[in-house]
Participant: 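This is the structure I want to talk about, given as C-alpha cells.
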2 protein chains.
Amino acid sequence: MKVKASYSTRQRAVILDILRQAGQPLTAQDIHERAMQNHAGIGLATVYRTLKTFISQGDIAQVEIPGASPCYEPTDRGHHHHFVCQHCRQVFDLQGCVHDLHDLAPQDFQVERHEIVLYGVCPDCGRDESAHTDD
Amino acid sequence: MKVKASYSTRQRAVILDILRQAGQPLTAQDIHERAMQNHAGIGLATVYRTLKTFISQGDIAQVEIPGASPCYEPTDRGHHHHFVCQHCRQVFDLQGCVHDLHDLAPQDFQVERHEIVLYGVCPDCGRDESAHTDD
DNA sequence: CTCAATTCGAGAATCGATTATCGTATTTTG
DNA sequence: CAAAATACGATAATCGATTCTCGAATTGAG
C-alpha cells in the first residue's frame with residue numbers, strides 16, 4: 001500500500017503561507033479571501049481540500065471555538081489558547097496556560113486535554129468602543 | 001408594546017423538567033428523544049421553539065462546546081465549566097473554576113468572560129476502556 | 001517534451017442544526 | 001362554553017460549513 005503522491009502546487013504554498021503569516025487562526029473563508037487578494041484564483045473547494053491534506057499531515061490543526069466559525073492554524077505554535085473578540089469575531093492567540101486546571105474534574109474522570117477561551121473586546125474594537133459607546 | 005403572553009403547556013413543562021432532571025447539558029435531539037420516551041408526542045420543532053422561549057426568558061442557556069453539538073442547560077447552576085467524554089460524547093458539568101485566567105490575555109484586551117472545557121474519558125467509559133483496551 | 005497522476009475551479013450537492021409554514025389543537029379569558 | 005390568542009406537529013425550507021463532481025489545468029518522471 002503505497003502512500004499517494006503529493007504534488008507541490010502554488011495553491012498549497014499560498015495557503016500554508018497565509019496561515020503562517022496570519023499569526024492567528026483563520027477560517028476557511030478568511031483564507032479564501034486572502035488567497036484571492038494576494039494571488040487571484042484559488043477556489044474555496046481547494047482551500048478545504050488543502051486544509052484537509054495539511055491536517056492529515058499534521059501541519060495544520062483545526063480550532064473549534066464556541067460561538068465562532070471553525071478556524072485553522074499551523075501546529076508549530078505549541079500549547080496555547082484563544083481569545084475571541086465579541087465585536088469583530090476575530091480569534092487571537094494567547095500565550096501561556098494555567099495549572100490546577102485538570103483538578104476541576106472529579107477523580108474518576110480521566111482528563112486528557114483542555115481548552116480555554118476568553119471572550120471580550122480586542123484592542124482595536126476597544127478603541128472604537130470608547131469612541132462610539134455603541135453596543 | 002406589550003410582551004407577548006406565554007401559555008403554560010404540557011410540552012414546556014416536560015422540556016424544562018427534562019433539562020432540570022438531566023444534571024448535564026443536553027442537545028435538542030437528546031431532549032426530543034427523552035420527551036418522546038417519557039410522554040409521547042413532542043415535535044422537534046416544539047423543542048427548539050420552547051428552548052428559544054426559555055432562553056429569552058433567561059431560564060435556559062445554550063452551551064457551545066468545541067467538537068460537540070450545541071447543548072442546553074438550566075441557568076440556575078451558577079458559574080461552572082464542562083467536561084466532554086471523547087468516547088460517548090456526553091457533556092458533564094464541572095464544579096469550580098480557576099483564577100488568574102484573565103491574565104492570559106495581554107493588557108489591551110478586555111476580558112469579559114471565559115470558557116473552560118476539559119476533554120477525556122468519563123467514569124463509565126473509563127471502566128469499559130480498561131476492560132477492552134480498545135481505542 | 002509527453003503522458004499519466006494529481007490537483008484545480010466553479011458550482012451543485014450534502015450535512016447537521018435550526019427555523020418557517022400552515023392547518024389543527026390547546027390555553028385563556030370572560 | 002365560545003371566541004381569541006397562542007402553541008403544536010409534521011415536514012419543507014434555510015443556513016453555514018464542507019464535500020462532491022467533472023472537465024480542464026498542472027505537476028513529476030522519463
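A note on names: the letters A, B, ... follow the listed sequences, proteins ahead of strands, and every chain is numbered from 1.
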Participant: Looking at Phe92(B) versus Phe109(A), is the centre-to-centre ring distance below 6.0 Å?
Facilitator: yes
Participant: Looking only at side-chain atoms of Tyr7(A), point me to the closest of dG28(D), dC8(D), dC20(D).
Facilitator: dG28(D)
Participant: By the 4.0 Å heavy-atom rule, please label Gln29(B) as base, sugar-phosphate, or nothing.
Facilitator: nothing
Participant: Base, sugar-phosphate, or nothing for Arg49(B), non-hydrogen atoms under 4.0 angstrom?
Facilitator: base
Participant: Check for a donor-acceptor pair, side chain of Arg12(B) on one end and backbone N or O of Tyr7(B) on the other, with a separation under 3.5 Å.
Facilitator: yes
Participant: Base, sugar-phosphate alone, or nothing: which one does Gln62(A) contact when heavy atoms must sit under 4.0 Å apart?
Facilitator: sugar-phosphate
Participant: Of all the nucleotides listed (dA20(C), dT7(C), dA17(C)), which has the minimum atom distance to the side chain of Thr9(A)?
Facilitator: dT7(C)
Participant: Assign Thr27(A) to base, sugar-phosphate, or nothing according to its heavy-atom contacts below 4.0 angstrom with the strands shown.
Facilitator: nothing
Participant: Which nucleotide wins on minimum distance to the side chain of Pro70(B), given the candidates dT18(C), dG9(C), dT19(D)?
Facilitator: dT18(C)
Participant: Taking only side-chain N and O atoms of Tyr48(B), does any of them lie within less than 4.0 angstrom of OP1 or OP2 on dA7(D)?
Facilitator: no
Participant: Under 4.0 angstrom, heavy atoms only, what part of the nucleic acid is Ser69(A) near: base, sugar-phosphate, or nothing?
Facilitator: sugar-phosphate
Participant: Provide, to the nearest angstrom, the distance between the CG atom belonging to Leu44(A) and the P atom belonging to dA17(D).
Facilitator: 10 Å
